[in-house]
Amino acid sequence: KFKGKKMNNVVHAERIFARFKQDEFDLINESMDLFDVTVATKTLFNNSWFMTNQMNVFVIMGSIECVSRDTVHTFTEMALDYARKRRKEFSRTVKSVTACYSILISPSIEDEARKWVLQKPCNHFRLFELPVLLDSLNNSLFYYRKTVGREPTHYRFLQDFVQKYFIGA
């Protein structure tokens, strides 16, 4: 849980956008199916990641009044499709991978939706996904917190990214 006052979806989104702007992410507004979203993208480099030196990051963020399991599943699939299509726009190295965060902000999140994002994300070749739910009414963040897969350093990167940009938003 976050400390502080209850805030609406716009305030949470603005705080997250401010962090991305400070770190020079590219931000664009898009319409995807039923959602109006903001997409933040950036290529990050680090020689300490195991067998990886380039992480192409996509954050697809939307806001909705109520999140069901079907809503978060659909939103996550939409975000992954977007990242798959757009990752070719980044220059890539042999050691590059893509991270895709799908974040929905809502004052009402059903239990089944919370349970769904707390499950282990699917494995994709050179594409890591992490669905995130931000409960704007209770100032709570829901996402998978364990390390999995053959590349635990990638998942540590995903966890650190959540801590830096979404916690306390």
Side-chain angles (χ1 to χ4, degrees), residues 2 9-10 12-33 35-64 67 72-106 116-134 136 141-169:
F2 303 122
N9 297 356
V10 174
H12 282 289
E14 287 174 353
R15 288 185 174 186
I16 293 169
F17 296 154
R19 292 173 184 174
F20 287 142
K21 287 178 185 174
Q22 181 180 2
D23 287 348
E24 300 178 359
F25 277 75
D26 293 326
L27 296 172
I28 57 170
N29 293 317
E30 295 267 354
S31 288
M32 297 181 196
D33 295 328
F35 301 95
D36 289 329
V37 299
T38 299
V39 179
T41 58
K42 186 171 183 174
T43 298
L44 302 172
F45 298 92
N46 187 335
N47 289 326
S48 68
W49 297 324
F50 180 75
M51 297 297 291
T52 300
N53 62 6
Q54 179 179 328
M55 184 77 72
N56 299 320
V57 178
F58 289 85
V59 179
I60 292 90
M61 186 165 43
S63 176
I64 193 166
V67 178
V72 69
H73 181 264
T74 299
F75 187 80
T76 300
E77 287 298 316
M78 178 199 65
L80 284 170
D81 286 344
Y82 183 91
R84 278 185 193 107
K85 291 175 186 171
R86 298 295 195 300
R87 69 180 169 177
K88 295 172 186 158
E89 296 171 9
F90 288 99
S91 61
R92 292 187 295 177
T93 66
V94 174
K95 298 179 181 180
S96 66
V97 296
T98 301
C100 178
Y101 297 87
S102 55
I103 178 167
L104 274 174
I105 304 171
S106 177
W116 190 83
V117 299
L118 295 174
Q119 293 179 45
K120 178 182 171 182
C122 295
N123 290 326
H124 309 280
F125 180 70
R126 299 176 67 119
L127 173 63
F128 295 91
E129 70 171 284
L130 191 63
V132 179
L133 294 174
L134 197 161
S136 60
L141 199 65
F142 301 94
Y143 62 99
Y144 187 75
R145 297 172 192 258
K146 296 178 184 175
T147 300
V148 296
R150 291 178 287 191
E151 304 291 341
T153 55
H154 293 152
Y155 279 92
R156 276 195 294 282
F157 168 84
L158 296 174
Q159 303 294 326
D160 292 345
F161 191 92
V162 168
Q163 294 292 317
K164 181 176 182 177
Y165 292 103
F166 305 140
I167 299 291

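Residue numbers run from 1 in the order of the sequence given.
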Looking at every heavy atom in both [X] and [Y], which two are closest together, and how far apart are they?
| X | Y | value |
| --- | --- | --- |
| Tyr165 | Ile16 | O-CG1, 3.7 Å |
| Ala13 | Met61 | O-CE, 4.4 Å |
| Ser106 | Ile64 | OG-O, 2.9 Å |
| Ile167 | Arg19 | O-NH1, 2.9 Å |

Residues which pass salt bridge (Lys or Arg N to Asp or Glu O under 4.0 Å) with [X], listed by chain and number, not counting sequence neighbours:
| X | result |
| --- | --- |
| Asp36 | none |
| Lys42 | none |
| Asp81 | Arg84 |

State which residues pass side chain to side chain donor-acceptor pair (under 3.5 Å) with [X]; sequence neighbours excluded, sorted by chain then number.
| X | answer |
| --- | --- |
| Glu14 | none |
| Thr38 | Asn29 |
| Tyr82 | Glu30 |

Point to revise | Chi angles and distances behind the side chain to side chain contact (heavy atoms under 4.5 Å, CB included) call for Gln163, Gln159 | key: CA-CA 6 Å; Gln163 294 292 317; Gln159 303 294 326; 5.7 Å; no
Check your understanding: Can you say whether the rings of Tyr101 and Phe161 are parallel (under 30°), tilted (30 to 60°) or perpendicular (over 60°)?
Key -> parallel
Practice item. Examine distances only and state if a side-chain atom of Thr98 and a backbone atom of Leu127 form a donor-acceptor pair shorter than 3.5 Å. Key: no
